[in-house]
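Keep in mind the model is a prediction, meaning the values are calculated, not measured. The first residue of the sequence shown is numbered 1, and numbering continues consecutively from there. Atoms within each ligand, like the ligands themselves, are counted from 1 in listed order.
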Amino acid sequence: MTSGGAARPSLWRPSLFSLTWQGCTWIGWALVVLSLSQLDPEALKAMGFPLLMIGAVIVLSELRPIVMSRLVGNPVSISLAFVFAALYLWGLYPAVALHAGAVLLSELLQRKPAWKFLFNVGQDVCSVTAAWLVMVAAGVTPSPWTPQTDISGQDLWWIILSWIVYHLVNLALVSGLAQYYGQTWWESFSDEFWFYTVSVLAVLALSPLIAIVAVAHPYSWTLLPLLLLPLLAVQKAAQMSREQEHQALHDPLTGLPNRLLLTDRIEQALARSGREDGDVVVMFLDLDLFKVVNDSLGHHAGDALLVDVATRLQSAVRSGDTLARFGGDEFVIVCDGVGSDEVGTVTSRITRALHNPFMSEQRHVSVTASIGVALANALSDPRTLLRDADAAMYRAKARGRNQVVVFHEDMHKEADDRLQDAVGLRRALDHDEFRVVYQPIVDMATGEPVGMEALIRWQDPHRGPQEPGVFIPAAEETGLIVPMGYWVLDTALTQMQAWRQEIPGAKDFFVAVNISARQLLARGLVERVEQSLRTSGIPASAVQLEITESAVMNDLEPIVDTLVALRALGLSLAVDDFGTGYSSLAYLKRLPVTTVKIDRSFVSGLGAHDDAFDRPIVDAIIKMAQSLRLEVIAEGVEDTSQRQALMQLGAGVAQGYLWSRPLPADQLSDWLTVRQPTH
Ligand code: C2E
Ligand code: CA
Ligand code: CA
């Protein structure tokens, strides 16, 4: 198999497919020609108005066939009841002519390709002919001139037999094309067999009654449309059940298969791959930082964006592949018949599909995705494949997003750790396992403190102290950063109030608290900060909020609005880790920030003999900040040569191990008391 699902079998090379097609089509159409030739004006006149009415009802009902779920190419039509009535009344020729016309009409309405409607007409005519053979065997041979007007209970046996024969022959012939749809004959025949059988019988059950009503009385044919009503009810029911099935198996937003159908598709793909060469590949795709986009654009625009993403992804996968929506911003793609060497081609097609920015509310939004890939092996089932692809996806995220990672066994351990993280963080919050430590921020010239930065610590009772660099990203991913951040804010401000009362001079300090992008986008941040200020009694001017540069790199209006509101409260706002992101000068100008924190990575290179790389950068940052009248804080100063270089370049304020590591509140109290300038 090379392309989407199945290689199309040829109509001309010998196979069950071509045999069925050729046989049904030629024989069926020969019967159609024969029937039409038999129906001269005399015969038509003999059948008269009942025929006219039956024909009219058939045309009407063909406009809306009962399409059965999954069953390919062969909808059950309610016109079938009227075709069989004609068969019982007037024999084969009128029935074939009516049926061929009805099927042709419906196929053309559905714009089926020629090879399909040629076959469908032929195949249906063959099936009706099979039913007629039952009548012949039963000794019942009506014709337009000798209609059968006395159908009664005694006839029921051959009538029912004719239904069964029609139904089985019909299914058997349709299944002859199964190869075209990548199925075996038996799979196609048995697929939804009972559902299909019930529908066909429900339709056919009315056929003898239609025949009786048509000719019971000179004008009784006028009642025929009434018999259409129960059939329409059946049709409606079938349509509703189809819609329900669709709803149960598809995501309402994007219309893509949902998890349930996805699992089924993976199962089918695995079953197929057992028979044919080629591997099943499951790709788990998670949009990067989509929650941030969603929060900032609003859910409505976020939904629209997801639909656009789904459309692009759909265009990037082959027709036989399954693209499913797994959840929020997660998609899963299932391909079969893909060699492990071809995976790269598929994923790069997907990445390319997302490459151009999306338009949302008149803005360009860039979307990238982290993709985890799992290849099926002999032991795979849908659950393990999805789990593996998911684990690989998380690895892709951890490697910095917008990456493709193929699953490897080692990743399970990591997945466990991550789960532990999410569970552990929640518990840590509930069990008060977090602490806040404080690092002084000093005036480099005098070494005297001007403020401190609050930094969170986690003492996990099982695993010991955890690095913020590890658990903060986990907290951001899970959203727990929002309550955690508020907890840090409250704790730091309360501590600050205590210092302001204990330590003279502490009234001039500010406390800096880190705020994550998720918090910035969460509703009610401004109110929450206000509340924290009120409860602690700390003036807003003594509080600085630090926002990492990457959080504000996207042009996201709502962030700007929030920053403006925070600034309006009187807080100072610092851009943290400055220089590591994509900030441009023009950009900083637009943000209501007061302070720039130069990232440690630039500071650590200063003062050495070979600081030719970092020095100009730090120089530029400081000059730029001065021209924008922003405060500068240098981070991570560890030795005096760094301090000296910074002071030469014009920086005044810094923090770092040179003065103090981050300390618990009580230890910092001592530190502050010692350092207090004597008044
Ligand atoms: P950050 O905001 O850039 O914090 C400064 C980090 O540099 C701290 O790491 C601090 O301990 C470390 N540091 C300070 N001076 C020196 C030095 O001289 N040398 C070296 N090598 N390191 C120094 P920490 O505490 O591990 O925090 C790491 C990051 O975690 C922080 O980077 C911040 O982005 C995040 N974080 C910490 N606490 C919070 C919090 O309460 N909320 C949020 N949202 N993020 C936090
Ligand atoms: Ca910080
Ligand atoms: Ca920093």
Distance-only polar pair, side chains of Q655 and E635, donor-acceptor under 3.5 Å: no
Under 3.0 Å: N/O/S of E453 next to the Ca ion (ligand 2): yes
Pair E546 + K597, salt bridge at N-O below 4.0 Å: yes
Under 3.0 Å: N/O/S of E635 next to the Ca ion (ligand 2): no
Ring-face cation of R615 near F602 (centre distance under 6.0 Å, axis angle within 45°): no
Mode of K597 contact toward ligand 1 - side chain, backbone, both, neither (heavy atoms, under 4.0 Å): neither
Heavy atom of R457, distance to ligand 1 below 4.0 Å: yes
Short N/O/S contact of T548 with the Ca ion (ligand 2) (below 3.0 Å): no
Structural part of N514 in contact with ligand 1, heavy atom criterion under 4.0 angstrom: both
Within-4.5 Å side-chain heavy-atom neighbours: F509 and L672: yes
Contact atoms of ligand 1, heavy-atom distance to V488 under 4.0 Å: 41 (O)
Geometric cation-pi criterion, R457 with F434: 6.0 Å, 45°: no
With L545, the side-chain contact (heavy atoms from CB on, under 4.5 Å) member among N514, L489, T594: L489
Part of R661 with heavy atoms under 4.0 Å of ligand 1, whether side chain, backbone, both or neither: neither
G469 near ligand 1 by a heavy-atom separation under 4.0 Å: no
Donor + acceptor pair across side chains of T254, D251 (<3.5 Å): yes
Donor on one side chain, acceptor on other, D288 and S370, under 3.5 Å: yes
Ligand 1 contact by M484, heavy-atom criterion under 4.0 angstrom: no
Structural part of Q655 in contact with ligand 1, heavy atom criterion under 4.0 angstrom: neither
